[in-house]
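Here the structure comes first, spelled out in structure tokens, and everything after it is commentary.
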Amino acid sequence: MAGHGTAHLRPADEVLLRVESLVVEFPVGRTGLTVHAVSDVSIDVKPGETLGLVGESGCGKSTTGRAVMQLVRPKGGSVTFDGHDLTQLKGEELRETRPKLQMIFQDPISSLNPRRRIRDIVREGLDIWKIGDDAARNAKVTEVLETVGIDPEAAGPRRPHEFSGGQCQRISIARAVATEPKLIICDEPVSALDVSVQAQILNLLQEMKQRYGLTLIFIAHDLAVVKNVSDRVAVMYLGKICEVSGPDELYAQPAHPYTAALLLAIPVPDPTVRPAERSGVGGEIPSPVAPPSGCRFRTRCLKATDRCAQEEPEIREVRPDHFVACHFPMEPGETLAAPAPTAGNGSHPDI
Amino acid sequence: MPEQSPDSGEEIVRTLVADEQRHDLPADEPSLLIAAVEAGPEIAHNRRRRKGLGIGAWLAIIWISLLLFSAIFQPLLVSTGVIPDPEAQELPEISGTGEALVVAQPPSLGHLMGLNPRGEDILSLVIEGSRRSLVIGFVSVFLGFMVGGFLGLLAGYFKGRTGGFIGSLLDILLAFPQLILALFVVEVLGHTVTNVTFALAIVSTPVLARIARASSLSWSEREFVVAARAQGAKHRRVLWREVLPNTLPAMLSIALLGVAVVIVAEAGLALLGAGVAPDLVTWGNIIQTGVPELKDSPHIVLAPSIVIFLTVLALNYLGDVVRARFDVREAAL
Amino acid sequence: MSRRRRAVGVERFEPAPLDAPLLEVEDLHTHFRTGRGVARAVDGVSFSLERGRTLGVVGESGSGKTVLARSIMGLLPKSNVERTGSIKFEGREVIGATPDDLRELWGSQISMVFQDPMTSLNPVMKIGKQITEMLLQHLDISKDYARELALSLLESVGIPEADRRLKEYPHQMSGGMRQRIMIAIAIACGPKLLFADEPTTALDVTVQAQILDLLQAQQRERFMAMILVTHDLGVVAGRTDEIAVMYAGRVVEKAPTKVLFSELRHPYTEALLRSIPKLGAPSHTRLAAIGGRPPDIVNPPAGCKFSPRCPYARERCLEEEPPLIDTATPGHEFRCWIPVGTPENREALEANRAAGAPSALAVVGEGNGMGTAAAPSAPTPHTRSGSIDTKGGA
């Protein structure tokens with residue numbers, strides 16, 4: 001399977017969050033079948049770092065995020081945050097960790113209660129945890145709203161539907177930072193937004209990170225976006241980790257064929273690049289109910305051999321701080337070979 | 001809440017403009033709303049005022065107010081002689097055989113709804129009956145709303161074992177023939193207003209619970225509920241602050257419909273002889289006494305029926321208005 | 001039931017000469033009456049589209065791009081809408097055409113692919129039935145033949161095991177599959193014009209590439225004209241012949257695709273392009289976001305509609321709206337007083353910067369994230385010195 005193993009994890013005392021061999025499974029109705037949403041995923045994040053988690057929809061990246069938050073209970077593995085294994089915590093103990101671990105959601109509209117006022121939404125965490133007195137909470141709300149670029153006076157008493165998607169996402173960010181968390185999981189925070197608004201939100205996230213000393217897990221399907229915000233990127237496919245590396249290295253020399261294919265699929269705002277010359281990967285992600293044997297990517301991989309069907313690759317270091325789970329990792333400069341009948345695949349000039 | 005089909009022109013414009021602004025501006029009239037945010041309270045205030053109630057809503061409100069007024073002040077109306085006292089009618093003359101002549105009179109200026117065979121003014125009977133019928137309607141639905149709404153809210157939010165258990169319980173209650181259930185309860189406990197109310201509350205509980213459950217289920221899946229949990233809110237807080245306020249408008253509107261249904265059900269029970277004891281005046285009982293005379297004096301049945309009809313219509317209308325007024329997005333237009 | 005009437009409709013829309021443009025839009029206005037005033041969703045748009053060509057319509061939310069597509073399709077509400085101007089499809093005026101004529105056009109001559117396939121497919125009807133019904137409605141063919149045709153359509157849009165898929169319901173398929181089905185339905189009757197309204201916004205990048213490839217292949221194979229509506233310049237870059245950039249209901253720049261990217265003149269086009277994160281740039285590069293908000297189409301700003309967000313805006317831009325100006329390149333026109341790449345433009349930027357702008361000119365109240373972002377910190381990458389035609393700006 002495109003990749004198990006923990007070779008890419010760093011020493012436990014250096015990281016804020018360490019997820020080891022995370023497994024999340026859901027039953028499919030009453031059919032007795034199981035969705036293997038996340039199968040043996042290991043990631044870690046250092047304090048102050050942004051980890052990008054990329055992959056197509058259905059690769060388990062959002063489920064991983066929710067399993068870290070324990071909003072979905074993992075079936076196996078451990079999630080060590082700030083010295084506690086969250087998977088072992090229950091009820092009140094788990095709840096106590098909430099203010100330090102926050103989340104920003106994909107749908108800016110759906111993640112805000114339409115019947116509550118902006119001020120109350122942002123204040124909710126402070127109210128739940130009884131942080132400070134009334135005046136202090138109000139001051140905090142005003143401060144975070146101002147930092148995300150929302151006028152607290154005008155916006156505070158209004159309700160979410162009076163704001164645009166971009167503004168709602170700003171409010172979500174304000175809500176997330178209000179309790180001064182250590183780690184924020186951003187689950188596709190910009191994929192519902194226009195490119196122009198997307199840029200604003202990405203810039204804002206960077207600012208907030210510096211201002212509040214945050215650590216981020218940034219989940220997205222757009223590699224260009226992930227590259228922009230991340231210090232380290234993990235590529236996921238069908239519940240497995242494919243490749244982990246620093247963003248510039250990963251994008252310059254992808255070692256996993258899937259990463260290379262993803263890079264090729266990104267639309268480039270340059271008309272001289274004929275899209276037909278750079279089609280990356282065919283087909284669609286297989287069902288997580290019955291994932292392929294061996295390497296899970298092999299059914300769409302141009303380099304797959306019999307070995308890939310039989311043996312699951314383990315994550316290993318191919319270059320310094322560049323880890324990949326593939327039997328046949330790509331060499332620097334190598335491009336994806338063209339499948340026989342279809343048009344040739346050229347490498348992307350931007351890569 | 002069911003999606004409304006875009007039938008009115010305004011609705012379509014709203015949909016279209018919203019469509020156009022889908023990525024960034026979800027609101028109904030985004031530019032207006034943005035302007036409202038920028039310009040502060042004045043515009044927002046104007047916007048709120050602009051949306052008046054339709055004439056239908058006003059008629060419904062007037063009718064319900066009239067009913068409530070006459071029901072509440074019935075003793076006063078009687079004592080001041082505005083309406084005749086049903087207890088003290090000028091009894092018709094007795095014929096030589098000692099049998100009461102049929103003196104049911106059709107509506108006239110003096111008696112707007114006519115007289116019944118006992119010579120009682122039907123208008124005053126209807127007003128007296130409304131005191132009981134409305135109490136039965138509102139109280140039983142209120143009870144059903146509290147119990148059923150609460151159960152439904154829980155069942156929709158806790159999708160696991162709790163939800164499954166409450167769900168099956170409701171299904172069993174729903175499967176039980178409603179009318180027979182009500183008949184049974186009244187027969188066993190006695191034909192009092194309280195017991196009829198209780199019986200109808202039992203009948204309305206599972207229906208309201210099912211509706212509450214559906215609404216709670218769909219709101220519980222929204223990301224803001226997950227967000228609240230991620231913030232560390234306890235279940236009670238999530239239910240109370242996030243889910244309940246969103247399910248309430250639909251529930252209130254359904255409850256108003258429920259009142260209408262229960263008022264009709266009371267009349268139905270009375271016709272079956274299973275309602276409130278016949279010596280107590282209710283709308284159902286008035287109709288029931290008129291049934292034997294239906295051919296000669298249809299007004300005895302018709303007059304209270306029309307009152308029931310108008311009341312049910314008004315309640316239905318109000319239900320719609322409530323839903324529209326409290327729906328955040330619709331109210332914003 | 002009205003097969004005969006339909007036949008009449010076909011005659012009424014007899015094909016125009018093949019060398020004439022397929023679609024000609026002249027000064028199209030679509031105004032909505034709202035509670036607050038008239039919303040000018042489309043405000044004077046003109047363009048023409050040749051057979052088999054592709055036009056990209058690009059803009060942010062609220063730019064009027066979707067309403068433009070719907071205006072041409074005639075998919076507007078009946079009340080509270082005013083649509084003026086002229087839309088000629090194959091030389092025939094569409095505005096004011098009877099509902100019967102329009103019905104004849106939709107599906108068979110013009111069809112549309114929407115952003116969300118799930119809402120446009122009937123969830124309780126099998127895929128096969130949805131396609132055959134569409135075919136039977138527009139073509140005079142037998143049921144059996146319709147079924148065969150449906151099968152070959154699904155195969156042509158790249159759906160594996162097409163005969164099995166015909167018996168499935170929409171929810172049993174992935175988003176990409178559903179979008180393929182939508183395309184199959186849209187091209188079923190061999191339309192001459194296909195609208196694709198954000199066809200890939202809801203999809204993953206890999207699937208997006210496949211769907212765009214498919215659209216392009218089908219378009220070439222069938223010699224269809226296509227209008228591709230999107231907010232992402234990257235999507236239209238390699239796949240269109242011409243691009244129209246819309247802002248506040250107007251076309252602010254229109255050019256053949258290659259020309260637009262190499263010689264763009266309008267600051268908004270430039271801003272759109274620069275807000276896309278570049279793969280080539282190192283990580284943590286600050287993005288050049290467009291400050292402020294999309295314009296209020298009910299009360300648009302005076303002068304150039306983009307001026308409140310424009311880093312180059314001067315007095316004149318705030319007062320006087322620029323007309324569409326032609327450049328030396330055929331087919332390239334733009335609406336700007338101080339176009340990108342001119343000396344005036346550079347001066348304006350420096351003057352604005354010196355004056356502490358553009359925040360002075362930008363919309364207030366949007367806070368720091370945007371104000372700073374609006375200030376371009378690097379020289380424009382698209383001003384290829386030397387090739388700039390300064391004549392147009394005059």
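Proteins come first, then strands; the chains are lettered A, B, ... in the order of their sequence lines, and each starts at number 1.
- Only the backbone of S230(A) comes within contact range of chain C, with heavy atoms under 4.5 Å apart.
- For L203(C), the part lying under 4.5 angstrom from a heavy atom of chain A is the backbone only.
- Among A224(A), G55(A), G58(A), the residue making the largest number of heavy-atom pairs under 4.5 Å with chain C is A224(A).
- Every residue meeting the ring-ring contact (aromatic ring centres under 6.0 Å, His included) condition with F306(C), not counting sequence neighbours, appears here in chain and number order: Y247(C), Y268(C).
- Heavy atoms of D248(A) lying under 4.5 Å from chain C belong exclusively to its side chain.
- Side-chain contact check for E263(C) and T327(C): no donor-acceptor pair (N or O, by modelled atom type) lies under 3.5 Å.
- Side-chain contact check for K278(C) and T285(C): no donor-acceptor pair (N or O, by modelled atom type) lies under 3.5 Å.
- Side-chain contact check for S191(A) and Q106(A): at least one donor-acceptor pair (N or O, by modelled atom type) lies under 3.5 Å.
- Chain C forms the most heavy-atom pairs under 4.5 Å with one residue out of V226(A), D222(A), D231(A), and that residue is D231(A).
- Side-chain contact, T240(C) with T257(C): a donor N or O sits under 3.5 Å from an acceptor N or O.
- For a residue to count as touching a neighbouring chain, one of its non-hydrogen atoms must lie under 4.5 Å from one of that chain's; by this rule V225(A) touches chain C with backbone and side chain alike.
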